[in-house]
Amino acid sequence: DGGITQSPKYLFRKEGQNVTLSCEQNLNHDAMYWYRQDPGQGLRLIYYSQIVNDFQKGDIAEGYSVSREKKESFPLTVTSAQKNPTAFYLCATNMDVGETQYFGPGTRLLVL
Amino acid sequence: AQKITQTQPGMFVQEKEAVTLDCTYDTSDQSYGLFWYKQPSSGEMIFLIYQGSYDEQNATEGRYSLNFQKARKSANLVISASQLGDSAMYFCAMREGSGGYQKVTFGTGTKLQVIP
């Protein structure tokens, strides 16, 4: 089946711990994005990547890191520098800039 | 100024009735695009409809239509014949710019509840 998968569905982080959220797609899309959603708010862009081995910071990149070693994968690491990581994280992809973005099912990150 | 404004935090609609969700936007670009997404309680963002700034006709997709009023900078979503499964958060979004990366900005959403 074609689509975007995110794992895990729920993730718990301890203080001072780095955690990695997975985003995989088999749509052959070039561009991938990470968004953060807080309750009662819209989505805010963390990082985006238009091609393999290249990525750019979004509006709220501090405390996060990404890699894009393969076209299909765009993992997001939430580092210990991110002091308020509790949120819903959504990965999105599109074929090219300007095209409609399609979203994965999301990962909910909670701090213990 | 907010790029995307959704002034209705919550809306109720009777099943089988039509409902309009408001969205106004702010941009100085001539080329831009407007999107509506649905987010059910499961969390996934589902693409509903798209309108380009140069499109002369209002976009329609099944029971969804986008009432695009360029001069007023509004892009309201109309859902006809509401169904219980339409209960969800609805987000308006705008893509700006041309060439290179085109940023997408999301509104804060409207929670729609369909009443049987």
Side-chain angles (χ1 to χ4, degrees), chain A residues 2-11 21 23 25 27 29-51 54-61 68 87-110, chain B residues 2-10 21 23-27 29-55 59 61 64 66 88-111:
Chain A
I4 305 165
T5 57
Q6 290 187 241
S7 62
K9 188 172 182 178
Y10 295 95
L11 186 57
L21 286 61
C23 177
Q25 56 104 355
L27 301 171
H29 285 175
D30 286 316
M32 299 185 74
Y33 310 80
W34 275 105
Y35 290 92
R36 169 179 171 143
Q37 185 180 26
D38 293 282
Q41 297 191 30
L43 279 63
R44 292 183 291 169
L45 182 67
I46 305 172
Y47 268 98
Y48 65 96
S49 169
Q50 292 181 255
I51 55 171
D54 184 63
F55 49 83
Q56 304 295 329
K57 292 181 179 180
D59 298 320
I60 55 166
R68 186 86 187 275
F88 188 55
Y89 292 85
L90 285 157
C91 175
T93 75
N94 60 5
M95 179 64 75
D96 198 358
V97 291
E99 299 291 321
T100 299
Q101 292 183 16
Y102 294 93
F103 287 81
T107 292
R108 199 166 298 277
L109 176 60
L110 300 167
Chain B
Q2 295 287 332
K3 287 282 186 181
I4 293 286
T5 302
Q6 294 182 254
T7 57
Q8 307 152 315
L21 306 183
C23 174
T24 57
Y25 60 91
D26 182 28
T27 182
D29 288 353
Q30 295 301 310
S31 175
Y32 54 90
L34 297 153
F35 304 83
W36 277 92
Y37 287 88
K38 172 184 178 181
Q39 188 178 41
S41 57
S42 59
E44 185 171 355
M45 296 283 281
I46 302 167
F47 166 70
L48 295 177
I49 196 165
Y50 168 79
Q51 178 88 38
S53 59
Y54 293 119
D55 295 339
E61 289 286 349
Y64 303 108
L66 200 152
M89 285 289 292
Y90 288 81
F91 290 92
C92 180
M94 176 175 65
R95 166 189 57 76
E96 297 177 272
S98 56
Y101 174 66
Q102 297 178 23
K103 182 175 180 179
V104 177
T105 305
F106 288 82
T108 53
T110 295
K111 184 173 183 179

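Note on naming: letters A, B, ... go to the chains in the order of the sequence lines (proteins, then strands), and numbering restarts at 1 for each one.
Heavy atoms of Tyr32(B) lying under 4.5 Å from chain A are absent altogether. In this structure, no portion of Gln6(B) lies under 4.5 Å from any heavy atom of chain A. Residue Lys103(B) touches chain A through its side chain alone, counting heavy-atom pairs closer than 4.5 Å. Of the two parts of Leu43(A), the backbone and the side chain both hold a non-hydrogen atom closer than 4.5 Å to a non-hydrogen atom of chain B.
With Glu61(B) as reference, Ile49(B) is the one residue of Leu66(B), Leu48(B), Ile49(B) to meet the side chain to side chain contact (heavy atoms under 4.5 Å, CB included) rule. Applying ring pair (Phe, Tyr, Trp, His ring centres under 6.0 Å) to Phe35(B) and the options Phe106(B), Tyr64(B), Tyr50(B) leaves one that passes, Tyr50(B).
Scanning all heavy atoms of the two residues, the minimum distance from Met94(B) to Asp26(B) falls at CE-O, 3.4 Å. In plain terms, the two heavy atoms of Cys91(A) and Met32(A) that are nearest each other are SG-CE, 4.1 Å.
One side chain, Asn94(A) or Tyr33(A), offers a donor N or O that lies under 3.5 Å from an acceptor on the other.
When the candidates Gly106(A), Gly40(A), Gly58(A), Pro105(A) are compared by the number of heavy-atom contacts under 4.5 Å with chain B, Pro105(A) comes out ahead. The choice from Lys9(A), Gln56(A), Gln37(A), Gln41(A) that makes the most heavy-atom pairs within less than 4.5 Å of chain B is Gln37(A).
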